[in-house]
Amino acid sequence: MEKIFEKLNDEQSNAVRQTEGPVLILAGAGSGKTTTIISRLAYLIQEVGIPASNTLTLTFTNKAAKEMRERALDMMPEISYPPLLCTFHKFGLLFLKFNIHLLGRKNNFVVIDTDDKKRIIKKINNELPTPLIASEISRYKNSLLTPNDAYKQSELFNYQQIAKVYEEYETYLNENNLVDFDDLIALTYKLLDENPELAKTTSQKYQYIMIDEYQDTNELQLKLLQKLCATHTNLCVVGDDDQSIYGWRGAHIRNIMEFDQDFAGTSVFKLQNNYRSREPILKVANALIEHNRSRLGKTLLPTRGGGEAVVTLNSQDENEEARKIATKINKLMDSGVGAQDIAILYRVNVLSRSIEDGLNRAGIGYKLVGGQRFYDRAEIKDLISYIRVITNYHDDFSFKRIINKPKRGLGKASVDKIELAAHAAQKSIFEFIKSSTIASLEALVRKKNTKTIRQFIKDIEEVSKIAKESTYEFIDALEDTFHLKDIYKGQVDEQDRVLNMDEFYALFRDFIKNSPESGLDEFLNELTLQSEQDQVEGESIYMMSIHASKGLEFKHLFIIGLEEGFLPLVGDGSDLEEERRLGYVAFTRAKDTLTLSHVGSRFYKGRRSDLEKSRFFNEAGLCQGSLKVEKNTAFKKGDLVRHKIFGTGRIIGVSKSSKDFKLKINFAGTKKDILASFIEKL
DNA sequence: ATGATAACAGTTTTT
DNA sequence: CTGTTATCAT
């Protein structure tokens, strides 16, 4: 049974063996964090003998949860009852399913996503910017402020308005039995806070708690953890203060910095052996992050010595940058490197554009990771809304989304009228239409539309009947009856959307096959919490934002846009230390080679602007020698230059020699090849 | 009700 | 430059 420790180093083993009391595991990038957390779980269950049902392991993303679950089950193949290992939000969902009745609500609530949230807000108030209101409401909920609290503490009129919208929003959610993402945690906390007995039994159930990526937790999540630890202090958190890059989203870096103050008697373990990156890469990453003042202090120690020096790439503009990177990638692939081992990272998504062009021209396949998520796509949300209405006729929220999709001649005005009338009759919209006479409907919408709308109701009932008999036939019936693929007919992106819909139908069939006993409504709430599962396509390199790259690793890594203004990105609310952590996260994704690229100017927001090389080069100790390169690449075709012997001439070509640039220069009719270091620009 | 055009803004993103 | 939203004709 010493098997668990076979693959662990001393510090990791010590962290695994410390099962009692608060534990803080500071896990540097590439230090075997997941291995440690999973080993600790296996140790608790198999060695210490804690029942799996008495443990709780929380992550932030479904992806992390899935990976951990798979690895945990690999480690404990004979386990009969798997431990609860899920995201914070999934935990909240499960908890609310069992306990939300204590708040006087029914447990058949629907989880809405950010898009739905904004639609609701927009309807309540369209004067103030919706995203602002949405983020403020989120902030209030995460600070446990009621609409009333929020109103009282706002001084500006606009913020008083926002507090009022918050109040109406809450009423709307309650009336329609909806729950937003923040509620999944906030209501869970509220229940535990208001019901000490429930807090006690819950805490007793989860005797051993582990949290992944602790540096990403916010104030409310900490409070929730404190409730879960009401009867014990067996809380083990794993994280890295140097990789805290979600401060702008409310993550509280203080949670990890001051964990030992929140939980007395904490044992601290530092995992500093890095098993991922070659020595020169770690040196650069360590040097950079050392410039941060607010950090606990760790240094990554290389276990993979040797390796190539970190390369600085300087280009005139983004097009040259793209060309150079494409050339380098082609060389790598020619030498036998697989495309999936190469990635390009950037701080802002727009920077992918020029690189995409360059890769396309060079015939290099790429895969953009991130961007719009599958389940957030309008066409997918349409399908989900259809399924929601078919499972629950009274889901007005979803019904309104689909009532005019495909077009049934009902615009905003008509829908508003119907909704108002239904409200007055104390009926759901579906019920109202069904029970209304043709005459009373004609008073609300155009005559010719009364027929289509009544048919729509009948169709829903018909498909719903089929759904009850066979979920399989239901999928075909859905498309055959409503012709959902026609919604986007004639639009430029019709093909993409139809493809996505087919993908969804396939996923749906798959779900039914895998869990035939679970109901459609279960499927629906799960879906809202699910993010896109990136499917790896064969021969393509990866491109993504630095944020999206966290937790991943690539043999050959290019980071573009290392310029002042892009990395570090400056603007209101920007935090240089967090920018530096972003640089650190980015650098430490590289296993074998790292290339850092910066340009002299970029076309951005409709105009070209000159850019300074990022200060991070200096801070990472990457400046010696780079000065020469920088000066020399300033040469371009057509420039007027001078040579000590040959005199004045014009550049007719620029190429790269081993250490310098080779310029082809026309000196009054005589063409010569000369190294750039002997040339002076005029 | 719907499609066309003007005005505008413009990190990072999971659940 | 791009994508989104507000407003205006039809």
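First the proteins, then the strands, lettered A, B, ... as listed; each starts at 1.
- Using a 4.0 Å heavy-atom criterion, one finds that A:F603 contacts the sugar-phosphate atoms exclusively.
- As rounded to whole Å, 13 Å separates atom C1' of B:dT15 from atom NZ of A:K141.
- For A:Y488 and B:dG3, the OH to P distance is 14 Å, given to the nearest whole Å.
- Look at the P atom in both B:dT13 and C:dT4: the space between them is 16 Å, to the nearest Å.
- The salt bridge (charged side-chain N to carboxylate O under 4.0 Å, His left out) search around A:K485 returns A:D502, not counting sequence neighbours.
- Of the residues listed (A:H252, A:K550, A:Q221), the one engaging A:D216 in a side-chain hydrogen bond (donor to acceptor under 3.5 Å, both in side chains) is A:K550, and it is the only one.
- Separating the CG atom of A:D183 from the C1' atom of B:dT15 is a distance of 12 Å, rounded to the nearest angstrom.
- Spacing between atom CG of A:D115 and atom P of B:dT15 amounts to 15 Å, rounded to whole angstrom units.
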Nucleotide N/O of nucleotides 6-10 of chain C paired with protein N/O under 3.5 Å:
none

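- Heavy-atom nearest nucleotides on DNA chain B were determined for A:V415 and for A:L184, and the one closer to the 5' end corresponds to A:V415.
- Rounding to whole angstrom units, CG of residue A:N319 and P of C:dC1 are separated by 14 Å.
- A:F616 does not carry A:R580 over the face of its six-membered ring by the limits of under 6.0 Å from the centre and within 45° of the normal.
- In this structure, A:F60 and A:F88 have tilted ring planes: the angle between them lies in the 30° to 60° band.
- In this structure, CG of A:D180 is placed 14 Å from C1' of B:dT14, rounded to the nearest angstrom.
- A cation-pi geometry, defined here as NZ or CZ lying under 6.0 Å from the six-membered ring centre and within 45° of its normal, does not hold between A:R608 and A:F603.
- Side-chain proximity of A:R353 to the nucleotides B:dT15, C:dT2, B:dT2 is greatest for C:dT2.
- Applying the salt bridge (Lys or Arg N to Asp or Glu O under 4.0 Å) test to pairs two or more places apart or on separate chains, those with a residue in residues 82-97 of chain A are A:K90-A:E526.
- Screening residues 122-133 of chain A for side chain to side chain donor-acceptor pair (under 3.5 Å), with sequence neighbours left out, gives A:K123-A:E419.
- What separates CG of A:L128 from P of C:dT5 is a distance of 16 Å, to the nearest Å.
- Between A:F482 and A:Y386, the two ring planes are tilted [angle within 30° to 60°].
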Expected string for nucleotides 8-13 of chain B under the B/S/- scheme (protein heavy atoms, under 4.0 Å, primed atoms plus P, OP1, OP2 as sugar-phosphate) is --BBBB

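- Applying the salt bridge (charged side-chain N to carboxylate O under 4.0 Å, His left out) criterion to A:E67, with sequence neighbours excluded, gives A:R71.
- Per the geometry, CG belonging to A:N404 stands 9 Å off C1' belonging to B:dA1, to the nearest Å.
- Backbone-only engagement by A:S414 is indicated by non-hydrogen atom pairs under 4.0 Å involving sugar-phosphate atoms exclusively.
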